[in-house]
Every structure is written in C-alpha cells, then in structure tokens.
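Here's the structure, in structure tokens; my notes come after.
Every chain is numbered from 1, with letters handed out A, B, ... down the list of sequences. For the numbers below, each heavy atom of this structure counts, side chains included, while hydrogens, waters and symmetry mates do not. Everything quoted here is computed from the prediction, not taken from an experiment.
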Protein chains: 2
Amino acid sequence: MAKVPILEALLNYINQNNAPFSMPGHKGGRGFLTTEEGRAFYNNIISGDITEVEGLDNLHKPEGIIKEAEELLSSFYGSKKSYFLVNGSTSGNLSMIFSAFNEGDKIIVERNCHRSIFNAIIMRKLRPIYIKNIVSKKYNAPFSLNMEHFIGTINENCDAKGIVITYPNYYGICCDLGAVVKEAKARNMTILVDSAHGAHFGISDMLPQNAVQLGADMVVMSAHKTLPSLTQTAYFHVNNDKNLKNINFYISAFMSTSPSYIFLAALDYARYFLEAHGKNEFEKVIVLADKYRELINGLENFHVICKQDLIEEFGEYNIDIDRSRFVINICENYNANEVLIYLKDKGVQAEMSDQHNIVFILSPFNTEEDLNKLYEALKECPLKSFSKEYSEVDINHIPEDSLIPCEVFDREREYVTIDSAVGKISAVSVVPYPPGVPIIMPGEKVDNEVLNVIQYCMANRISIMGIEDGMLQIVK
Amino acid sequence: MAKVPILEALLNYINQNNAPFSMPGHKGGRGFLTTEEGRAFYNNIISGDITEVEGLDNLHKPEGIIKEAEELLSSFYGSKKSYFLVNGSTSGNLSMIFSAFNEGDKIIVERNCHRSIFNAIIMRKLRPIYIKNIVSKKYNAPFSLNMEHFIGTINENCDAKGIVITYPNYYGICCDLGAVVKEAKARNMTILVDSAHGAHFGISDMLPQNAVQLGADMVVMSAHKTLPSLTQTAYFHVNNDKNLKNINFYISAFMSTSPSYIFLAALDYARYFLEAHGKNEFEKVIVLADKYRELINGLENFHVICKQDLIEEFGEYNIDIDRSRFVINICENYNANEVLIYLKDKGVQAEMSDQHNIVFILSPFNTEEDLNKLYEALKECPLKSFSKEYSEVDINHIPEDSLIPCEVFDREREYVTIDSAVGKISAVSVVPYPPGVPIIMPGEKVDNEVLNVIQYCMANRISIMGIEDGMLQIVK
C-alpha cells in the first residue's frame with residue numbers, strides 16, 4: 001500500500017476493535033444499524049455525498065428539505081429556531097458570541113469554557129470576566145460553577161452584556177442552569193450555553209433537563225458526542241430571536257458554502273432517532289450503566305462518581321450529573337492517564353483522563369459486552385505497579401491579567417522557554433487537550449501554577465496547544 | 001419510514017442514477033473504487049469516524065499521522081507549508097484574509113470572488129477596491145480578469161496591502177496569474193488566491209499550471225470539487241510564511257475542534273491519488289472530453305467553449321481554460337437553465353447554469369457512458385420549445401458604493417420590497433447561487449441593473465441569497 005498515513009492509522013485503529021467509550025455517539029457505526037432509516041444512511045453514505053443540486057436545497061438559504069428538517073429539529077427541542085451545523089459546536093460558539101455581542105463588550109464567562117469560546121472572545125474583541133468552578137477536593141475535578149463567585153461576579157459587573165456557560169461540563173456535571181438563567185434575566189444579560197455534551201438531555205427523567213428548556217437565549221449542542229450522528233456535526237438553537245439577522249449572517253459565514261450532505265443527513269437522522277427511540281434507548285443504557293456502576297464501585301481501587309457524591313460534597317449547589325457517562329476516580333492518587341493507557345491495551349477506549357479521573361462516554365449503542373470488558377479490565381488492573389501522581393496542579397487557577405486577550409495581537413511577540421516565561425505576559429492560549437480548557441489566556445501573566453500544569457502535561461503525554469517544542473510565545 | 005426529510009431526498013436522488021457532471025469529484029463514490037487504498041476507505045468509512053484518541057494525532061496541533069500527511073501534501077504541491085481543511089475552502093478564505101490583513105487595510109479584490117471572501121472582508125473590516133472581469137460578448141460569460149482595469153486599479157491604489165484573485169473561475173477559465181503575481185510582488189502586495197476549482201492543476205501539461213507553482217503567497221483549493229475527496233474538504237497552502245503564527249491561529253479558529261477523520265482520510269487519499277495516478281487519469285479524461293467536445297460542437301445548437309474561442313475573442317489576455325470542464329453555450333439565447341432542467345430529466349446532472357451557458361465538471365471518474373448520455377440528450381433536446389432569454393442582465397456590473405461593507409453592521413436597517421429599493425443602500429450582500437458571486441455588497445447603492453439581475457434570478461428559480469420573500473434589507 002502506498003503511503004496514506006491517516007487512512008492507514010484509521011484502518012489499524014478499526015482493527016483493534018476496542019470497546020468504544022469515546023466519541024462519537026454512534027460507536028463505530030452501530031448507531032446506524034438499529035433502524036431501517038439508519039441502515040439506509042449507513043449503506044448509502046458515499047453515494048449521498050452530493051452538492052446543492054436542484055431538489056436538495058441550500059443550507060445557507062434553506063427553502064426545501066433542509067428547512068423542513070430544521071423545523072423538525074426546532075419543534076423537537078422546543079426552540080424558536082434551530083440550525084444544523086457542519087463545522088461542529090465550534091461554529092456555533094463563534095456564531096452565538098459574534099451575534100450576541102459587539103466589540104468592546106464586557107461578558108462574564110465560565111473559565112472552564114471550551115477553546116472555541118475563547119477564540120471567539122479574542123476575535124470579537126470582548127472583555128472577559130471569569131467565573132470560577134468549584135473543585136472537588138475528594139476527586140480532584142472541576143465539578144460545577146461556583147455559585148457564590150458567580151453571583152458576586154455578576155453583581156460587581158452589572159454592565160456586562162451577557163454570560164457564557166458550559167452545561168454540562170466534560171465530566172457530565174451540570175450546574176444549576178435554571179438558577180443561572182434566572183439571575184441573568186433579572187439583570188437583562190443575554191445567556192449563551194455551550195451544551196456540546198448535552199444534546200441527549202431532557203429525553204428522559206433519568207437525564208438532566210436540556211438547556212433549551214431551561215430558557216437559555218442561544219444553545220449549541222454537538223450531535224456527534226452522544227447521539228448517532230457523525231463527528232463534526234452540531235445543532236444550534238435560538239430561543240430569543242431579536243438578533244436573527246446577525247445570527248443568520250454569522251452562522252453562514254463560519255460554515256462551508258459546500259456543506260457535506262453526509263453530515264446533514266446524519267444530523268437529520270440523529271434528531272429522528274432521539275425523537276422516535278431516544279427515551280427508551282437512553283433509559284436502557286442508563287439502567288445498564290447503573291448496574292456496572294455498582295459493580296465497579298465494588299472494586300477496591302475505582303469509584304464511579306454519582307449524584308450522591310456531589311450531594312455529599314456540595315449539597316447546597318443543586319448540581320446534577322449525566323448518568324449515561326462514567327467518571328471513574330482512581331484511588332490513592334495513582335496516575336489516571338496510565339490507567340487509561342492500560343485500558344486501551346486491553347481493548348477499552350476511554351474518552352479522556354485528567355490526573356485522577358477517567359471519563360467514559362456511553363451511548364445507547366454501548367452493549368453489556370462493552371461494559372463487561374471495562375469491568376474485567378479494571379478488576380485485573382495492576383494498579384500498584386503504576387506511578388502515583390503527587391505533584392498536584394491547580395486546574396482551577398486563573399492567572400492575573402495584564403492585557404485583554406485581543407490586545408495581544410497587535411504587540412511584538414517572542415518565543416521563550418517555558419521556565420523562563422514566569423512573570424511574562426502570554427501571547428497565546430495554552431490549552432491541554434482534553435479537556436480543551438485554557439490554563440492561561442493571551443494577556444495573562446505566567447506564574448508558577450501555570451508552569452506546573454504545563455510541565456505536568458508535557459510529562460504525561462497530554463497534548464497541550466500553545467507550547468511549541470517547549471517554547472511559549474510571550475509579549476515582548 | 002418516519003419523516004427524515006434530508007435522508008429521504010438523498011436516497012431518492014441516488015436512485016435517479018444520474019450521469020454525474022456536478023461536484024464532488026468522486027462522482028457518487030466511483031473515485032474510491034479504482035485503487036486498493038480507495039476501496040479500504042470506502043468500505044470502512046463509518047467505522048473510521050472516530051475522535052482524537054491516542055495514536056490518531058490532533059488536527060489543531062499535528063505531531064503524528066496528520067503532520068506526516070500534511071507534509072506529504074506540502075511536498076507534493078511544492079508549498080512551504082500545507083494544511084487540511086475540514087470546513088471547506090470557506091475556512092481557508094477566511095483564514096488567509098484574516099492572517100494577511102489588518103483592520104482598515106485597503107485590498108484589491110476581483111469582483112468575481114466567492115461569497116466567503118466577501119464575508120471575510122466584512123468581518124475583517126477591510127476596504128475593498130474591486131477589479132472587473134472581461135465579459136465575453138459572444139458567450140455572455142465572465143471570462144477572466146480585465147488586465148487593463150487591474151493594472152490601472154493597482155497603480156491608483158499603491159497603498160493597498162494585497163490582492164485577492166480567483167483562479168480559475170467557476171467556468172474553469174484562468175487569468176494570467178503569473179502576470180498578476182509579478183505585478184503584485186513588484187508593488188510589495190500580498191497575493192492570495194482562491195483556487196477552489198484548481199486542485200488538479202499542474203498534474204499534466206494538458207492542464208493549466210497550479211497557483212502554488214505560480215508563486216501566490218497563500219492558496220486555497222477545494223479537494224472535493226475535482227479530486228476524489230468528500231464534499232467540504234479543502235487544502236490550504238502557504239508559500240510565504242512570515243505570518244505563520246497568525247495563520248495557525250486563524251486556521252484553527254475557523255475549523256471544528258472535533259474534526260471529521262472521515263474528511264481527513266479523504267483529504268489524505270485525494271493527495272495520494274493525485275500523486276500516484278493523477279497525471280495518467282486526468283489525461284485520459286481530457287482525451288475523452290476532447291472527443292465529446294468535437295461531437296457536441298458538431299450539433300447545431302450547442303458549443304463547448306475551448307481555448308481557441310478565448311484566443312479569438314481576447315487574444316491579448318493570455319487566458320487559459322480547464323480542459324476537464326465543459327462550458328456549453330446554448331445558441332440563439334435559448335434559456336440555459338431550461339436546458340439544465342431538461343438534461344436532469346434525462347438523467348444528466350450538470351453543475352450549474354447561467355442564462356446562456358451550462359457548466360459540467362468532469363473528473364477521472366466520468367466514463368464514456370456518461371459523456372455519451374450527455375451527447376445523446378443534447379442531440380434530442382427540443383430546444384425550439386424552450387423560451388428565449390432576451391432580458392440581458394449585466395453580470396459584471398458594480399454598483400456605486402456609499403459605505404464600506406463593515407460599516408453597515410452598525411446602522412439602523414429595514415426591509416423594503418426590491419422594486420422600492422432602487423436608490424437605497426443595501427445592508428446585505430445579494431448573491432445568486434450558483435455561481436456565488438455577489439451582485440451587490442453591503443454599503444452599495446441598489447440601481448436598475450441590480451434590480452434586473454434579482455428579478456431575473458427570481459423568475460428563473462435561481463437561488464438568491466440576501467432576498468427574503470421578495471424583500472431586501474437596506475440601510476435606513
């Protein structure tokens with residue numbers, strides 16, 4: 001075979017036949033094989049890759065089948081208007097921030113937001129004020145919004161135009177979005193929600209409510225993370241259409257004018273699946289997950305975090321958790337990333353790990369066999385042979401800011417080694433991936449905590465954007 | 001079957017089994033079936049839809065297989081650096097304009113540019129100066145850059161920071177890009193090329209040279225239009241890397257952080273195909289096209305435009321044409337759109353039509369059977385029963401400007417009927433699709449010529465963005 005590196009790596013990966021607990025939600029195609037409609041999609045996928053010929057409508061000016069499908073989407077989620085996105089939640093996050101805010105606006109943003117939100121803040125030239133998360137001391141993970149810090153922050157910044165919240169976070173943990181929306185509306189602030197991981201919410205009482213129902217002004221949902229759609233597909237919902245002209249402009253501007261009909265059909269199918277089969281199928285996988293949660297919690301060294309744990313640690317916060325997701329905490333500070341690699345060797349593909357926890361995304365297409373494979377692998381895990389993770393890094397740290405993010409772009413910049421960057425102003429965002437949350441933003445000062453996190457990621461094979469060959473770009 | 005409108009329409013379209021002369025270049029999947037590597041892709045496409053797990057690299061910080069594949073791409077095209085784009089040429093056009101220019105910069109732009117270029121001009125707050133095209137009187141089509149107007153314009157605007165050119169245009173017609181690059185470099189202007197339709201150029205002497213070889217600073221190419229890749233995939237090439245940090249930022253910002261591995265594998269495959277089989281396969285389809293060009297030119301009412309026609313009408317311009325594309329001119333002003341619809345009924349899918357010409361995109365995966373089907377359908381075409389197209393509209397018209405495009409966003413706006421808009425400043429771009437070239441930009445004054453084009457499009461079922469229920473948004 002000639003050298004086609006990506007294709008070769010994919011074929012090699014497929015042959016490993018791992019139990020799929022990572023994205024996408026269709027789990028290696030299974031998600032399209034349970035219905036007649038899904039099989040029709042599966043069997044015609046490449047033939048269905050066509051362009052905007054007569055009868056197939058135009059995503060950038062829908063008047064036919066795309067309009068009809070988007071109306072079905074809107075009606076299902078209960079939004080005023082909904083859109084298909086072929087450039088992922090990224091394009092939705094850019095569109096909502098560009099259409100809701102103007103240059104120079106102050107906005108309140110959860111620090112634990114996705115990189116695409118921060119890119120939008122830079123390009124839209126906004127002044128971000130950050131809200132902190134609460135961090136579980138027991139599990140060393142960012143659990144939810146710190147509501148005291150949130151209320152204090154919005155009271156101190158009444159001139160802010162809006163609020164950007166992640167619901168749920170990568171761990172499936174949900175802040176009290178209803179309360180956040182209420183506080184925002186009381187102050188006439190626009191409330192935007194990145195619900196990339198919450199497209200399946202609201203389909204059953206066993207899951208948290210979805211962000212559209214909870215009254216956010218605009219909501220972005222990835223379709224591929226938890227539903228049977230393809231990677232890079234998303235939904236965008238508008239509840240407050242006072243700015244519709246700008247929304248239409250930006251959604252169109254940030255998406256290809258040659259959109260993939262494979263993606264559009266997948267988006268259409270995922271909505272259909274959720275509507276016709278979602279309640280039943282998600283409840284089935286949650287019952288299965290609950291069973292294996294108990295089994296795993298019966299093992300000595302692993303603990304699946306559940307709602308009861310949240311209540312015990314943060315009872316006052318009214319936080320919720322996605323029961324279709326496993327966050328497995330590793331006991332006694334054994335390195336979670338080493339466990340993730342061990343599981344992969346055993347044919348179990350997790351989604352991501354931080355230092356202490358591993359995240360597994362389940363969907364209705366995970367089988368009991370998958371969960372049993374995970375359970376057996378954990379049972380046999382030679383945990384004591386793994387290294388311990390002593391160097392605690394503060395994932396919730398916000399460095400001091402000197403410039404607003406967009407101002408950095410006009411300054412002279414230079415590369416320095418990371419250890420000599422302490423005290424300097426970063427010219428870039430530095431983002432460990434996953435979870436894609438920046439540890440420093442352009443305009444903020446590098447301090448020792450930031451240095452620790454960077455060094456930790458580099459030592460633990462965690463991909464970290466913004467660092468190039470051990471160098472960081474700073475403002476001169 | 002439940003209501004899944006997009007999926008249903010696609011399945012219906014596939015069943016029509018049309019001879020494929022529209023995008024994408026793989027022609028209903030054929031493009032993946034001629035090689036072992038292509039079949040491996042075809043047969044594993046949905047299983048290959050995976051996320052950035054260990055070993056599969058990260059498009060936003062390539063260090064493994066994606067880096068290797070992008071280096072193969074760069075080396076093949078002879079660029080300094082090349083990128084895969086999963087959000088189409090659109091994301092490449094945004095990235096090159098955002099990274100090459102700063103707010104307020106004056107730039108020189110071919111009026112005949114793609115909508116995504118104009119969106120970038122609006123969002124980057126640039127001051128565009130337009131260059132006109134030469135229009136064939138014989139064939140009523142925009143043929144190439146008007147070089148006198150170009151030279152005059154750049155001489156009058158020495159303070160412009162750069163030039164944005166389309167090469168080739170939708171008709172496969174190529175301006176003298178070498179000369180344009182020379183003029184730009186002599187004036188120290190950055191030269192950016194939208195080569196969405198020219199990814200196959202340079203693979204054979206039977207095709208025009210490619211834009212990277214001709215020395216453009218940055219070049220965007222759609223991979224799906226002419227190569228065996230999937231819709232919405234593109235390549236981005238950098239020849240001048242002085243601004244690489246910004247290029248990396250914008251390319252990443254305008255693309256999904258959950259990029260499709262199906263797309264990445266397709267991009268990798270298309271490069272491989274072009275490198276290993278492109279010369280041979282494109283020469284074969286060009287020989288076939290030449291044969292059918294002669295046959296069609298033997299028919300009474302149709303004429304495939306060839307290089308000789310360009311020389312006869314515009315000998316002094318050194319323009320070229322893509323021989324793998326058919327532009328069929330319809331005689332005596334019979335309506336080309338009606339012919340396009342007739343052909344579709346006969347199972348022949350063209351790419352697009354203007355009033356007088358139909359464009360057919362051929363690729364190595366078109367067969368003699370396809371071309372014969374086209375030829376036979378044209379032979380039997382009851383042309384005399386179609387309406388004539390008398391109302392000439394000036395597709396090369398540039399209305400007077402009153403505001404620069406981005407200024408419109410801050411103004412009060414209102415909707416008016418199109419006939420009462422004459423004399424008012426448009427608040428939006430109005431873009432017939434295809435070919436996706438604006439007839440009026442935000443900030444320009446609606447005049448009678450603009451009104452004529454809009455009315456023509458509405459009467460001829462040509463999708464026209466910017467007009468909603470017969471209304472246009474204007475500046476109050």
Side-chain angles (χ1 to χ4, degrees), chain A residues 1-2 4-7 9-11 13-14 22-24 28-29 36-37 40-42 44-51 53-56 58 60-61 65-66 68-69 86-88 90 115-116 119 123 230-232 253 256-261 264-265 268-269 272 276 344 349 433 436 463 465, chain B residues 1-2 4-7 9-11 13-14 22-24 28-29 36-37 40-42 44-51 53-56 58 60-61 65-66 68-69 86-88 90 115-116 119 123 230-232 253 256-261 264-265 268-269 272 276 344 349 433 436 463 465:
Chain A
M1 203 184 242
V4 197
I6 297 175
L7 181 58
L10 281 185
L11 295 174
Y13 184 83
I14 292 166
S22 68
M23 303 184 279
E36 182 195 344
E37 293 80 1
F41 173 72
Y42 191 98
N44 289 281
I45 181 165
I46 290 196
S47 327
D49 183 45
I50 184 67
T51 194
V53 293
E54 179 83 18
L56 294 186
N58 183 327
H60 295 270
K61 199 193 178 191
I65 53 164
I66 297 175
E68 190 184 348
V86 297
N87 187 28
T90 300
R115 195 166 65 90
S116 57
N119 285 340
M123 293 196 288
L230 294 173
T231 303
Q232 196 178 315
S256 174
T257 54
S258 296
S260 166
Y261 273 89
L264 295 175
D268 194 22
Y269 177 72
Y272 152 74
K344 176 66 188 302
Q349 179 66 61
Y433 223 86
S463 178
M465 263 169 282
Chain B
M1 202 184 243
V4 198
I6 297 176
L7 180 58
L10 282 184
L11 295 173
Y13 185 83
I14 292 167
S22 68
M23 304 184 278
E36 182 195 344
E37 293 81 1
F41 173 72
Y42 191 98
N44 290 281
I45 181 164
I46 290 195
S47 327
D49 182 46
I50 184 65
T51 194
V53 293
E54 179 84 18
L56 293 186
N58 183 326
H60 294 269
K61 198 190 181 194
I65 53 164
I66 296 175
E68 189 184 348
V86 296
N87 187 27
T90 299
R115 195 165 64 91
S116 57
N119 284 341
M123 292 197 289
L230 295 174
T231 303
Q232 196 179 314
S256 175
T257 54
S258 296
S260 165
Y261 274 90
L264 295 174
D268 193 22
Y269 177 73
Y272 152 74
K344 177 66 188 305
Q349 179 66 62
Y433 225 84
S463 178
M465 261 169 282

> With distance as the sole test, does Gln232(B) use its side chain to make a donor-acceptor pair with the main-chain N or O of Pro259(A) at under 3.5 Å?
Replying inline: no
>> Using a 3.5 Å distance criterion without hydrogens, assess whether the side chain of Asp268(A) forms a donor-acceptor pair with backbone atoms of Ile6(B).
In response: yes
>> Once rounded to the nearest 0.5 Å, what's the spacing between atom CG of Asn87(A) and atom OG of Ser260(B)?
In response: 11.0 Å
>> I need the minimum non-hydrogen distance between Gly88(A) and Ser256(B), along with the two atoms involved.
In response: CA-OG, 3.8 Å
> Side chain, backbone, both or neither: which part of Ile66(A) has a non-hydrogen atom closer than 4.5 Å to chain B?
Replying inline: both
> When you look at Thr231(A) and Tyr261(B), which way does the side-chain contact (heavy atoms from CB on, under 4.5 Å) test go after all the steps?
Replying inline: CA-CA 8 Å; Thr231(A) 303; Tyr261(B) 274 90; 5.9 Å; no
> What part of Ile45(A) lies closer than 4.5 angstrom to a heavy atom of chain B: side chain, backbone, both or neither?
Replying inline: side chain
> So do the side chains of Phe41(A) and Ile46(B) get within less than 4.5 Å of each other, counting heavy atoms only?
Replying inline: yes
> Can you name the closest pair of heavy atoms from Asn119(B) and Ala253(A) and give their distance?
Replying inline: ND2-CA, 3.8 Å
> Highest number of heavy-atom pairs under 4.5 Å with chain B: which of Ala9(A), Gly29(A), Ser47(A), Ser22(A)?
Replying inline: Ser47(A)
> Between Asp49(A) and Leu230(B), is there a donor-acceptor pair closer than 3.5 Å when you use the side chain of the first and the backbone of the second?
Replying inline: no
> Considering all heavy atoms of both residues, which atom of Glu37(A) and which atom of Val4(B) are nearest to each other, and what is their separation?
Replying inline: CG-CG2, 4.0 Å
> So do Ile50(A) and Met23(B) actually touch side chain to side chain, heavy atoms under 4.5 Å?
Replying inline: no
> With chain B, which of Met123(A), Glu54(A), Lys344(A) has the greatest number of heavy-atom pairs at distances under 4.5 Å?
Replying inline: Met123(A)
>> Does any part of the side chain of Arg115(B), heavy atoms only, come nearer than 4.5 Å to the side chain of His60(A), both counted from C-beta?
In response: yes
> Measuring heavy-atom distances to chain A, does Ile14(B) have an atom under 4.5 Å in its side chain, in its backbone, in both, or in neither?
Replying inline: side chain
>> I'd like to check Asn44(B) versus Leu10(A) (side-chain heavy atoms, cut-off strictly below 4.5 Å). Are they in contact?
In response: no
>> Which heavy atom of Ala40(B) sits nearest to which heavy atom of Leu11(A), and what is that distance?
In response: CB-CD1, 3.7 Å
